[in-house]
Amino acid sequence: QVQLVESGGGLVQAGGSLRLSCAASGRTFSRSSMGWFRQAPGKEREFVAAISWSVDRTHYADSVKGRFTISRDNVNNTMYLQMNSLKPEDTAVYYCVARLSTGIVVTPQLYGYWGQGTQVTVSS
């Protein structure tokens with residue numbers, strides 16, 4: 001089992017930065033691939049980024065590539081999403097996710113564990 005708790009969301013102006021954190025608990029954290037999804041009002045849940053359990057592979061949505069960086073600290077059981085050059089269209093609830101597998105996937109149904117979400121609002 002893996003429990004996930006996000007933090008770090010908030011209100012920021014366009015062009016600004018935020019760093020999201022995801023604290024994980026559970027014995028299988030270090031063997032879990034993890035990622036971030038987001039959902040804006042009236043829109044479907046959208047893949048943002050993912051990272052392998054061994055930290056050697058990452059994958060990003062085209063919409064955030066070059067602006068967001070995903071990382072994880074398997075010693076402290078924490079995953080991060082550094083978000084730079086934020087745009088109003090990045091406004092959404094951001095969810096931390098995990099799956100007990102080594103592979104990186106972009107389909108939300110393949111992630112068995114979800115956090116409660118943290119709101120990110122980017123003003124223009």
Participant: Please work out whether the ring planes of Y95 and W114 are parallel, tilted or perpendicular, with thresholds of 30° and 60°.
Facilitator: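 It falls in the perpendicular class, over 60°.
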Participant: Any chain of hydrophobic side-chain contacts (each under 4.5 Å) joining L20 to V97?
Facilitator: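 No, no single cluster joins them.
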Participant: Could you check whether any side-chain N or O of Q13 sits under 3.5 Å from a backbone N or O of S123, counting only pairs where one atom can act as donor and the other as acceptor?
Facilitator: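 No.
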Participant: Is the shortest side-chain heavy-atom distance between Q119 and T91 below 4.5 Å?
Facilitator: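 The answer is yes; the side chains approach within 4.5 Å.
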Participant: Would you name the heavy atoms of S32 and L100 that are closest together and state the gap between them?
Facilitator: OG-CD2, 3.2 Å
Participant: Provide the closest heavy-atom pair for A14 versus P88 in the form atom of the first, atom of the second, distance.
Facilitator: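 Minimum heavy-atom separation between A14 and P88: CB-CD, 4.1 Å.
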Participant: Nearest 0.5 Å, what's the OG1-NZ distance between T58 and K65?
Facilitator: 9.5 Å
Participant: Do S52 side-chain atoms and R57 backbone N/O form a donor-acceptor pair below 3.5 Å?
Facilitator: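 Checked: pair present.
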Participant: Quick one, D90 with R38, criterion side chain to side chain contact (heavy atoms under 4.5 Å, CB included). Give me CA distance, side-chain angles, the key distance, then yes/no.
Facilitator: CA-CA 9 Å; D90 294 318; R38 66 186 182 186; 2.9 Å; yes
Participant: Should E6 and W36 count as side-chain neighbours, where that means a heavy-atom distance under 4.5 Å?
Facilitator: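 Side-chain contact under 4.5 Å: yes.
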Participant: Should M34 and L4 count as side-chain neighbours, where that means a heavy-atom distance under 4.5 Å?
Facilitator: yes
Participant: Determine yes or no for a side-chain-to-main-chain donor-acceptor pair under 3.5 angstrom, with N74 supplying the side chain and W53 the backbone.
Facilitator: yes
Participant: Considering only distance and modelled atom types, tabulate donor-acceptor pairs under 3.5 Å from the side chains of residues 101-113, sequence neighbours left out.
Facilitator:
unit_1 : atom_1 : unit_2 : atom_2 : d
S101   : OG     : R99    : NH1    : 3.4
S101   : OG     : G103   : N      : 3.4
Y111   : OH     : V105   : O      : 2.7

Participant: Rounded to the nearest 0.5 Å, how far apart are CD of Q39 and CD of E46?
Facilitator: 10.0 Å
Participant: Say you draw a straight line from OG of S21 to CZ of R72; how long is it, rounded to the nearest 0.5 Å?
Facilitator: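 Going from OG on S21 over to CZ on R72, the span is 14.0 Å.
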Participant: Please, which pairs that meet disulfide bond (SG atoms under 2.5 Å apart) have at least one residue in residues 82-121, sequence neighbours excluded?
Facilitator: C22-C96
Participant: Of all heavy-atom pairs between V75 and D73, which one has the smallest distance, and what is that distance?
Facilitator: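 Closest pair (atom of V75, atom of D73, distance): N-OD1, 3.0 Å.
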Participant: Assigning hydrophobic clusters by single linkage (Ile, Leu, Val, Met, Phe, Trp, Tyr; side-chain heavy-atom cutoff under 4.5 Å), is Y80 placed with Y60?
Facilitator: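 No; tracing contacts between hydrophobic side chains, which count when under 4.5 Å, never links both residues.
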Participant: Is any side-chain heavy atom of Q82 closer than 4.5 Å to one of N84?
Facilitator: yes
Participant: Report the distance from atom CE of M79 to atom OG of S33, rounding to the nearest 0.5 Å.
Facilitator: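 With rounding to 0.5 Å, CE (M79) is 10.5 Å from OG (S33).
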Participant: If the plane angle is over 60° it's perpendicular, under 30° parallel, otherwise tilted; pick one for F37 and F47.
Facilitator: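 Answer is perpendicular, since the angle exceeds 60°.
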Participant: For E89 and S63, run side chain to side chain contact (heavy atoms under 4.5 Å, CB included): C-alpha distance rounded to whole Å, both residues' side-chain angles, the deciding distance at 0.1 Å, then the answer.
Facilitator: CA-CA 10 Å; E89 51 263 45; S63 59; over 6 Å; no
Participant: As an exercise, state the distance from OG of S17 to CZ of F68, rounded to the nearest 0.5 Å.
Facilitator: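 Answer for the OG-CZ pair, S17 versus F68, is 9.5 Å.
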